[in-house]
Student: 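Can you keep this structure in mind? I'll have questions shortly.
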Amino acid sequence: MFVRWIAILLLAGSTHAVEMEWVTVGDAGNPPDKRFAEPGYGNVDYLFQIGKYEVTNAQYAEFLNAVAADDPNALYNEEMAGGWHDIGGITRTGSSGNYAYSVRPNRGRRPVNYVGWFDALRFANWMHNGQPTGPQDATTTENGAYDLSQEDGVVRKFRARVFLPTENEWYKAAYYDKGQYWSYPTQSHEKPTPEFPPGADMTNGSANYYSGRWVDPLYYTTEVGAYGGKPSRGPYGTFDQGGNVWEWNETLLIGGFRGVRGGSFHSANYLGLHAVYAYYFGPPRVSYYYLGFRVARARERSGGFDSDADGDIDLSDFAAFQRAFGLGTPGHRTPTLPDTPFDYVAYTSSKLPEHYAALGAIDNTPPDNPITNEGATLGRVLFHDERLSVNHAVSCSSCHQQSRGFSDSRRFSVGFQGKKTRRNAMSLTNAKYYGSPATDTRPGEPRPFAYWDERAESLEAQHLQVIQSPHEMGMTLPALEVKLAGTSFYPGLFEAAFGDDRITGERISKALAQFVRSMVSYQSKYDRALVLGSTDQPDLDAAGFSNQEKLGYHLFTQHPANPVKTMACDDCHKTAAQVAEEPTNTGLDLVPLDQGAALGAFKVPSLRNVALTAPYMHDGRFATLQDVIRFYATGVQNDANLSRFLRENNDPDGPAERRELSDEEIEALVAFLYTLTDDTFSTAAQFSDPFQN
């Protein structure tokens, strides 16, 4: 055995067919970049070196010729011989056991593509082992920097010499520069120009990515380092970290996924190059035409993970290594679900009190997507899962918080980039109910439309729009489908919900819609009054209403026996669910800045749990219920399209109504609105985050 290892070491030292150029990434202990997400990216506590260029077709072909005469691990993808638009760079001849590989004409200096994550790790192992020749085994590709017998749980070894960079290592090399972070890996905050041939010295640099046309329509990729003019390189001197091909990184993500960074020749101009885009592509075994990689290595003087750069690898370095790679830390989040699903069907049907059971005419559940226990369970997991956003920064529940009646406590909700959207997330309470068949554009059916401006034709459509929105979640459906398929639990959840484990955008939207439609709130103090009395005459005394709450009820509701002049709030907030029939202009502004659904009209959400959903209105302009009530009493603007219900005597041509309310009346209305709070709903396990445990 000793002789065999000596022979391997001698062979390793004698080959080195692949010569890499490296740049040193210094500034150990730099702070993370927290501009876009917590806890941030790019902080690295040690010195390391990273490839100046992406691994090329010529380098990868040398690798194949060294270890893939017989290719049991499919290091060679047959698409490399042509593939999509003939962009592959390597051909193979011969038969298994005698394979030979050659670079296609004019492709040697272009980045290799059609490479999977495990392919990149095997290349790193080969480099770590000294570029030996021979079969793919522990001495060549299967062990070294990584022990690939660990399969999906593989991690970098402590004494790794050549390796795939982590996301933080890659990010630092691309964006960090002497105490600051750039937005693009071209030492710029402005996107580089996609031009060919590359510019020599442009203000924002140039790079190879798609922006309405291909930079190089012949080969699509460009030669590594072609964009060499300042500032078309990273702060430490790397090339093509923005564009050419997406580059795999080492970091383990939720569900066994691995990340890619940097954008590609196939990326739209807004995607990939910017530091905010942590693009978590998916299962590490996939290999597509836009996937490549670059490698990194420990500082040459130490031959391993020398965190303090003292030329020696010791226990302090091992401790730093553990911190850097999260060894010994808890695993990625997986949901904890009951053995028997929650009974969402009973909760939304047989358990409904009579005053809700009578709302069938405004139930927007489509015939092809009824609530099922398994479907709503899947929807619950999806709703609380950050995987639905491109960088795992936000989930649906980030903006629709259960404790807030599934609304957002921030005035403007925040998307995956950490940037504010233009509206406050609407409460999802009673989203199942909305409108009147008489007012719908499709007579005889309830209004199914979603969002403040009703731009989505259904809850199903809304969820797909949120996922794909460049302002909200920034995801693509194909990438999400692959991402979810790579987890240990989603295939089983989809099979339980839909009969087989196919994961599609349509099924994702249906499951989410089922879960949201199960969010029916009917266990408040006011509901007790309705159950003990009737919809027309709730028994406030039996339900324990105080005198203040009773006064608030009379101010809110139109009734012949009212002891006070009503505000007639139930003109708009109708039925036991207290929802409107259609979008309404409420006179927020004399000239609306936001047109909403049209002419300044917005969808009216249910008032159930309204005490939990501050701030109020589509733009969160009112901080308290008192503010809202004062506005409706004296602040409604005489907009030309103002609802007639907010005009004097309900006259469509009349002026905006004014009503002086005493402080006592304002507080009474607030007290009544608090009786709409359903504490069971806001804490129920069936709606809670299944990842918390």
Side-chain angles (χ1 to χ4, degrees), residues 1-20 51 54-81 83 88-103 111-157 159-165 247-250 252 256 258 283-288 291-297:
M1 179 64 71
F2 177 75
V3 172
R4 180 170 181 265
W5 276 105
I6 289 293
I8 290 171
L9 290 172
L10 288 173
L11 178 62
S14 65
T15 54
H16 292 283
V18 172
E19 294 294 334
M20 289 281 177
E54 296 159 325
V55 174
T56 66
N57 285 311
Q59 292 169 332
Y60 198 80
E62 291 284 356
F63 166 56
L64 293 173
N65 280 319
V67 301
D70 179 13
D71 191 17
N73 292 303
L75 297 175
Y76 179 76
N77 185 327
E78 292 182 356
E79 298 290 328
M80 290 177 177
I90 302 173
T91 58
R92 180 168 72 181
T93 57
S95 58
S96 181
N98 294 286
Y99 287 136
Y101 303 87
S102 58
V103 178
V112 67
N113 54 2
Y114 289 107
V115 176
W117 186 79
F118 280 102
D119 301 334
L121 259 59
R122 288 185 164 96
F123 183 93
N125 275 347
W126 178 68
M127 294 286 292
H128 169 96
N129 290 328
Q131 303 182 32
T133 60
Q136 295 169 25
D137 61 21
T139 69
T140 57
T141 62
E142 304 310 293
N143 209 332
Y146 307 91
D147 180 358
L148 297 187
S149 67
Q150 301 299 311
E151 297 184 349
D152 290 343
V154 64
V155 295
R156 182 190 304 178
K157 288 187 178 182
R159 293 188 181 273
R161 290 189 290 274
V162 180
F163 40 81
L164 207 59
E247 298 178 22
W248 286 107
N249 65 61
E250 182 191 277
L252 178 64
R258 304 286 174 162
R285 289 178 175 80
V286 300
S287 53
Y288 289 145
L291 288 177
F293 68 107
R294 77 179 65 217
V295 289
R297 71 176 183 177

Student: As an exercise, state the distance from OH of Tyr114 to CD of Glu78, rounded to the nearest 0.5 Å.
Tutor: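 One gets 12.0 Å once the value is rounded to the nearest 0.5 Å.
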Student: Can you give me the closest heavy-atom contact between Gly116 and Asp119, atom names plus distance?
Tutor: N-OD2, 2.8 Å
Student: Given side chains that start at C-beta, do those of Leu164 and Phe293 come closer than 4.5 Å, heavy atoms only?
Tutor: yes
Student: For the CG atom of Leu121 and the CD atom of Glu250, what is their distance to the nearest 0.5 Å?
Tutor: 7.0 Å
Student: Just say parallel, tilted or perpendicular for the rings of Tyr60 and Phe123, cut-offs at 30° and 60°.
Tutor: parallel
Student: If every non-hydrogen atom of Leu75 is compared with every non-hydrogen atom of Met80, which pair is closest and at what distance?
Tutor: O-CE, 3.9 Å
Student: Are the side chain of Trp117 and the backbone N or O of Trp248 linked by a donor-acceptor pair below 3.5 Å?
Tutor: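 Looks like no, no N/O pair under 3.5 Å.
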Student: With distance as the sole test, does Gln59 use its side chain to make a donor-acceptor pair with the main-chain N or O of Thr56 at under 3.5 Å?
Tutor: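 Judged by distance alone, yes, a pair lies under 3.5 Å.
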Student: Could you grab the distance from atom CG of Asn125 to atom OG1 of Thr140, nearest 0.5 Å is fine?
Tutor: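 Taking CG in Asn125 and OG1 in Thr140, the distance rounds to 8.5 Å.
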Student: Quick check: closest heavy atoms across Ala61 and Val103, and the distance to 0.1 Å?
Tutor: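 That closest heavy-atom pairing would be CB-CG2, 3.8 Å.
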Student: Between the side chain of Arg92 and the main-chain N/O of Tyr101, is any donor-acceptor distance below 3.5 Å?
Tutor: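 Absent.
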Student: Between Glu142 and Arg122, is there a side-chain N and carboxylate O pair less than 4.0 Å apart?
Tutor: yes
Student: When you compare the side chain of Thr93 with that of Tyr99, does any pair of heavy atoms fall below 4.5 Å?
Tutor: no
Student: Report the distance from atom CZ of Phe118 to atom OG of Ser287, rounding to the nearest 0.5 Å.
Tutor: 12.5 Å
Student: Which pair of non-hydrogen atoms, one from Arg258 and one from Pro284, has the smallest distance, and what is that distance?
Tutor: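 Heavy atoms of Arg258 and Pro284 come nearest at CG-CB, 3.9 Å.
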Student: Between Arg297 and His128, is there a side-chain heavy-atom distance shorter than 4.5 Å?
Tutor: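 Counting from C-beta outward, His128 and Arg297 never come under 4.5 Å.
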Student: Are Tyr146 and Lys157 close enough that some pair of their side-chain heavy atoms sits under 4.5 Å apart?
Tutor: no
Student: Applying side-chain contact (heavy atoms from CB on, under 4.5 Å) to Gln131 and Glu62, what does each step give before you reach the verdict?
Tutor: CA-CA 9 Å; Gln131 303 182 32; Glu62 291 284 356; over 6 Å; no
Student: How close do Thr139 and Asn129 get, heavy atom to heavy atom, and via which atoms?
Tutor: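 In this case the closest contact between Thr139 and Asn129 is O-ND2, 3.4 Å.
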Student: Is it true that a side-chain atom of Arg161 and a backbone atom of Gly144 form a donor plus acceptor pair closer than 3.5 Å?
Tutor: no
Student: For the OG atom of Ser149 and the CG atom of Asn143, what is their distance to the nearest 0.5 Å?
Tutor: 6.5 Å
Student: If you round to the nearest 0.5 Å, how far is CD of Gln136 from CG of Asn73?
Tutor: 4.5 Å
Student: Hey, does the side chain of Glu54 reach the backbone of Glu247 with a donor-acceptor pair shorter than 3.5 angstrom?
Tutor: no
Student: Hey, is the main chain of Gly292 close enough, under 3.5 Å, to the side chain of Asn113 for a donor-acceptor pair?
Tutor: no
Student: Of all heavy-atom pairs between Ile90 and Val112, which one has the smallest distance, and what is that distance?
Tutor: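 Answer, listing the atom of Ile90 first, then Val112: CD1-CG2, 4.2 Å.
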